[in-house]
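One structure is given here, and the rest of the page talks about it.
Residue numbering restarts at 1 for every chain, and letters A, B, ... go by the order of the sequence lines.
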Amino acid sequence: MTSIKQLPYEEYFLAGNGSCPGCGLTIGLRNVLKALGKNVYMVVPASCSSVVQSPFPNSSATVPLLNTPFAASAAAASGMVRALKIMGKDAVVMVWAGDGGTFDIGLATVSGAAERNEDLLYICYDNEAYMNTGGHRSSATPLGTFTGTTPTGKRENKKNVPLIMAAHGIPYVATASIAFVTDLYDKIMKAKDMKGFRYIQIYSPCTPGWLLPTEKSVESAKLAVQTGIYPLFEIEGGIFKISAPSKAYLKKEKRKPLHDYFKIQGRFKHLKEEHIKLIEQWIDQMNEEYAALDGKKIF
Amino acid sequence: MSIIEDKKSLSNVKVVTANEAVALAVKCAKVDVGGAYPISPQTSIMEYLTKYIETENIPMEIVRVESEHSAMAVAMGAAAVGARAFTATASQGLLYMAEMVYWVGSSRLPVVMAITSRAMGAPWILGNEHTDVLLPREWGWMVLFPEDNQEVFDTIIQAYKLADTTLVPVVVGLDGFILSHTTMPISIPDQSIIDNFIPKNTPKPYALNTEDPFTHGNAVHSNLYLEFRHNIFKTIEDSEDLVDEIDKEWSKLTGRSYGGVIEEFLLDDAEVAVLVMGASSGDAKEAAKKVREKYGIKAGVIRLRSIRPFPVKRLSKIAQKVKAIGVFDRNMSPGLGGMIATEVKFALYDLKNRPIVQSYIGGLGGKDVKIADFENILVELKEMVDGKREVEKVKWVGLDLAAIEKFLEEV
Ligand SMILES: Cc1ncc(C[n+]2csc(CCOP(=O)(O)OP(=O)(O)O)c2C)c(N)n1
Ligand code: SF4
Ligand SMILES: [Mg+2]
């Protein structure tokens, strides 16, 4: 495992960009690009990432970047990959998309590209809502969460897109977190050298969208793993493996109280004890299932 | 010129549908990447292309996507790194694709798309109509409309020339079923002629690359957007001569000329003219000859080949000669008139001695339009010129308001 001191000094996504203080997606992107280096093309659909780049003529990306409409990124990246292949250019094509662009409007497009096993790296930074529109529910928004369109709490549970992606039989699927940068870095490094469609989903806090104090974004990401609400895993060649940062928390007794995670985020403030119990039950069940899958070929 | 007379190219004559002509042109244009999604009457274009790739080993990537939105996204992603890109669609497919079509138009990426015209639902309808082909004229694309299979082949090649020169993507429309599924002989020029006409190594300052990285399409302040739109407006406006020049250059190489933006038929002495697009032009031309013979009416045909750029200059010249133009629209702008008639009126309004412009709507959803209908239009135009008939906001061709009731009684 790479240590934090071994991460490259080079910066490919520049400071002074347009993100809010404490934004998780920029922490993620900064480290993803450290792993990928210069030889990468980025494809970005409508999302906070389209704004964070900064407006024309500035751009905080130091790699070539194509902005696309909301649902189009996996298909545009497919066209790009095929073009580079036919022009004899060897580079990584990376989609950098939000949860809305991945779980909802772009799901058919992502599924199409995965089914074709297009040679691209698809990264979904998951801030669990449509943040660019001001914080509205997506199918990545967890049960009970307050958003602009779920003012009394979301009634439905989060969609399990990593498992949907794995069911396509693609070579690599992983979840990662901006609080575990070296785990993230290693996953990107591993995916970088693979061929075919690779899917990585990064847990990325959003300070205004989660009503989260600026300085608590990494802390909340850590707690998401430690409370077991966002387990980190890999599915490589169809084999499911819990990642090191989540290993200990598969056991209920090791997990931190969900309350610790909820209390720092305004988006959960309205939840009553009975709601939290319900969510806890769901977390218990998910972790039991993942513990049972650990090390097994699931697809 | 008939290709059978064109001895030189006899060896390259193929008898094909217009859809196969499109596919052959795409192959000859050495397109790098295509996005494929089936919809009638376009589907066989993609069948031919995938067959060429899989059986002839041509170096082209076809991405068999899961929607038209993605088909255009594929073309966009490929064009953005400097590849030559193509896709095709029709009707519902174009509507589904619309967001991407606009984005590519505004991105100034030189993509070429064939649209085999077809009406749109509801209700489900397969028949030919031009509304779909005309929509991208508002979306930052050039729009060309050939008349027969040979011209379809030639226009796809010309479209790449136009797109590469202007960095505006180009739609080539062709009549669904009437051309797309009808075989005609076409002559295919030597590959070297095509390679020289549309070289692939033109400068591509827009192409994303890792050596000199930049960002495409990021947010822009409102105070610059107007200027971006104006650039697109101007480029398309200023391309009227270019479409003519490209047609002339092509005719030097192949002996085939189509008149550039407009094919002028019997217009030199014409008093009345019908303006048409595409395959119906043949019937309109027959009608012009007939009314000349039968009634001595000096009739002609304005065949609109280029909808964007809209040939304001050429039309204005023609309008100095003729006294009445009947614009036959196989489309409609609901409650107003034909889409092209509306544009013709806009283009000619400022002329001192502008001709009568009468909007005719017909042929929607594939309803038959006959030579006799065009004869009738030309006769009516003459009556308008002679003051014997009122000009109306819009006149419908072949409209039978009792048709639905009659049909229900019969069944
Ligand atoms: C077709 C379409 N519908 C709606 C929008 C408005 N829109 C822009 S970004 C966005 C949400 C993006 O959410 P997500 O993918 O999660 O990215 P985030 O903003 O959270 O980074 C929406 C709905 C759009 N740009 N295009
Ligand atoms: S709204 Fe959230 S995701 Fe968007 S830039 Fe701000 S912190 Fe980042
Ligand atoms: Mg989001």
Taking T215(B) as the fixed residue, which of S54(A), S60(A), S59(A) is the one that meets the side chain to side chain contact (heavy atoms under 4.5 Å, CB included) rule? S59(A)
With side chains defined as the heavy atoms from C-beta onward, is the minimum distance between R82(A) and V74(B) less than 4.5 Å? no
Of all heavy-atom pairs between L224(B) and F56(A), which one has the smallest distance, and what is that distance? CD1-CD2, 3.8 Å
Mind listing the closest non-hydrogen atom pair of E61(B) and K85(A) along with its distance? OE2-NZ, 3.1 Å
Minimal heavy-atom distance between M80(A) and L208(B), with the atoms involved, is CE-CD1, 4.1 Å
Quick check for you: among V63(B), V33(B), D32(B), which has the greatest number of heavy-atom pairs under 4.5 Å with chain A? V63(B)
What closest approach, in Å, do M100(B) and A72(A) show between heavy atoms, and which atom pair accounts for it? SD-CB, 3.5 Å
Just so I understand: if I count every heavy-atom pair under 4.5 Å between each of A79(B), P59(B), G34(B), G77(B) and chain A, which residue has the most? G77(B)
Given the rule in the side-chain contact (heavy atoms from CB on, under 4.5 Å) test, do K89(A) and T210(B) qualify, once you have shown the distances and angles that lead to the verdict? CA-CA 10 Å; K89(A) 289 191 179 179; T210(B) 47; over 6 Å; no
Side chains of H69(B) and T109(A), heavy atoms from C-beta outward: is any pair under 4.5 Å? no
Distance-minimising heavy-atom pair for E66(B) and A113(A): OE1-N, 4.4 Å
Keeping the roles fixed (side chain from N218(B), backbone from N58(A)), state whether a donor-acceptor pair exists under 3.5 Å. yes
Between V81(B) and Y41(A), which heavy-atom pair has the shortest distance, and what is it? CG1-CE2, 3.7 Å
